[in-house]
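Every chain is numbered from 1, with letters handed out A, B, ... down the list of sequences.
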There are 2 protein chains.
Amino acid sequence: MADAARPARLENGRRDLTNIAIDCFARYGYKATSIARIAEAAGLTKGAIYYHFRDKEELLFAAVSDRLTQFERSVTAQILPPADAGRALREIARVCLDHATKSNHRRFIVTLMVEAIDTNARLAEQFRAMMHRFRGFLREIIELGQREGSFRGDVSASVAADVYAGAVMGAEIQYYQDPESFDLEGTVNTFLDQYVGWLQRDHPQRAERR
Amino acid sequence: MADAARPARLENGRRDLTNIAIDCFARYGYKATSIARIAEAAGLTKGAIYYHFRDKEELLFAAVSDRLTQFERSVTAQILPPADAGRALREIARVCLDHATKSNHRRFIVTLMVEAIDTNARLAEQFRAMMHRFRGFLREIIELGQREGSFRGDVSASVAADVYAGAVMGAEIQYYQDPESFDLEGTVNTFLDQYVGWLQRDHPQRAERR
DNA sequence: TCAGCCATACTGAACGTTCGGTATGTAATT
DNA sequence: AATTACATACCGAACGTTCAGTATGGCTGA
């Protein structure tokens, strides 16, 4: 006899509310997302939120932990078979694209990361550590490529990792700002062609560079 | 007999307050910046703000207009002598770096841009238009390089512009998040070497690319 | 030169609203 | 009967905003 218009209880309150909160935080950020808005999005009232979470910050940190671990897991999981470094870099970008377009995981991370920098020291530290791990992961892949000989050895792997992380994130933001007309996949693919090609070419020592 | 402890009036209220507001907005974003905080930073009271501005939004838009026009002016001004396209791209990055490190102009733009996407339609539209103009400007430079023959013609100038805009912005964000340890200049310079080199090489038709 | 006048640039208190958070009631499940 | 999973009603603080009042400086006419 189906559900009809039942009070619409949640099956797994904490988990469901976390997901709903993530949607709101990803769009409006932390400060501009009220508890009432999250409750309304869940079809509940504020009291229900405070039944599952001590306060707004606990909900925030639950959401952040959830998305951070889930994103990092899907990045590292996709790479476990240590394929060649070039393919690995392409795979990672693919995961980022998925998390940016098929869900709002990456927008949540980017939005909260920017907002937290000077408004929430604890959160900012978590995002800093996360970016540090991400860049470290990329650096290791690049160093692997350099040891294998498929990547040129005359560039700093860590700076190259920074370039990669920035290019992907910057493309994402342009997409969030204008999802209708910004070609995220094309932009990231073009960057990858250029970037991986650059890493694979050995010591080009380009003619003139004043 | 000097000033002593005068009530500290502003010489140019609107302008000074706009600059102070920009500092706050750049750090904390719009929502998390209270009128009281801006007033305190200016050494005034809340009422003084409302003498110069109708409401918080007018102050915000004044700040945005100020920084957007100023940034766009310094980008276009630096390029007026139509030097070769490669140098122009490097010059533009230089201007972005200056505005990111020597002032908070770019952080203001990036922070507010991310925050506005789904919280302030009018503001979001302004930032969308600004990014559109910026990418269009880059595209024209790249097309110039292509017509000149110094840039390869087998890539989309508009997608290449998107890559550039994203890479610079993504690097900036990593810097804002961790200004102590993130090497913004090195990252952007490395990107430029790779990017301009990529544009300058003609039809490499890289061997294998599955 | 100086009183009178007015515009400028504020202060400080108050108001209405919003928001995070709490206390308590209640229907359904076990 | 007790626990779970909420709803309802409310509190206090913070916030944006308003407004009456005031100190200051420049201008003007005598």
Rounded to whole Å, please give me the gap between CZ in R14(B) and P in dT8(C).
14 Å
Among residues at least two apart in sequence or on other chains, which ones pass ring-ring contact (aromatic ring centres under 6.0 Å, His included) with F191(A)?
Y195(A)
Acceptor/donor pairs from residues 112-125 of chain B side chains to any protein atom, 3.5 angstrom cut, sequence neighbours excluded:
{"unit_1": "E115(B)", "atom_1": "OE1", "unit_2": "Y30(B)", "atom_2": "N", "d": "2.7"}
{"unit_1": "E115(B)", "atom_1": "OE2", "unit_2": "Y30(B)", "atom_2": "N", "d": "3.4"}
{"unit_1": "E115(B)", "atom_1": "OE2", "unit_2": "K31(B)", "atom_2": "N", "d": "3.0"}
{"unit_1": "D118(B)", "atom_1": "OD2", "unit_2": "R107(A)", "atom_2": "NH1", "d": "3.1"}
{"unit_1": "D118(B)", "atom_1": "OD2", "unit_2": "R107(A)", "atom_2": "NH2", "d": "3.0"}
{"unit_1": "T119(B)", "atom_1": "OG1", "unit_2": "E115(B)", "atom_2": "O", "d": "2.6"}
{"unit_1": "N120(B)", "atom_1": "OD1", "unit_2": "R122(B)", "atom_2": "N", "d": "3.4"}
{"unit_1": "N120(B)", "atom_1": "OD1", "unit_2": "L123(B)", "atom_2": "N", "d": "3.1"}
{"unit_1": "N120(B)", "atom_1": "ND2", "unit_2": "E57(B)", "atom_2": "OE2", "d": "2.8"}
{"unit_1": "E125(B)", "atom_1": "OE1", "unit_2": "R128(B)", "atom_2": "NE", "d": "3.2"}
{"unit_1": "E125(B)", "atom_1": "OE1", "unit_2": "R128(B)", "atom_2": "NH2", "d": "3.3"}

Partner set under side-chain contact (heavy atoms from CB on, under 4.5 Å) for A161(A), not counting sequence neighbours:
L138(A), R139(A), I142(A)
Atom CD1 of I49(B) to atom P of dC10(C): distance rounded to whole Å?
9 Å
List every contact pair, protein side and nucleotides 8-13 of chain D side both N or O, where the distance is under 3.5 Å.
none

Salt bridge (charged side-chain N to carboxylate O under 4.0 Å, His left out) pairs touching residues 68-78 of chain B, sequence neighbours excluded, are E72(B)-R133(B)
Rounded to the nearest Å, what distance is computed from the CZ atom of residue R54(B) to the P atom of nucleotide dC19(D)?
14 Å
Roughly, in whole Å, what's the span from CG in L44(A) to C1' in dT4(D)?
14 Å
For dA5(D), take OP1 and OP2 only and decide whether either is under 4.0 Å from a side-chain N or O of Y51(A).
yes
Value in whole Å for how far the P atom of dG21(C) lies from CD1 of I38(A)
11 Å
Phosphate OP1/OP2 of dG21(C) contacted by Y50(A) side-chain N/O (<4.0 Å)
yes
K56(B) NZ to dT18(D) P: how many Å, rounded?
14 Å
What nucleotide, of dG16(D), dC6(D), dT11(C), holds the atom closest to the side chain of S34(B)?
dG16(D)
Taken in chain and number order and not counting sequence neighbours, the residues that satisfy ring-ring contact (aromatic ring centres under 6.0 Å, His included) with H105(A) are H99(A)
Between OH on residue Y164(A) and CE on residue M169(A), distance to nearest 0.5 Å
13.0 Å
Would you say a side-chain N or O of H52(B) is under 4.0 Å from OP1 or OP2 of dC10(C)?
yes
To the nearest angstrom, how far is L60(B) atom CG from dT17(D) atom P?
11 Å
Rounded to whole Å, CD1 of I35(B) lies from P of dA14(C) at a distance of 21 Å
Salt bridge present between R94(A) and D98(A) (N-O < 4.0 angstrom):
yes
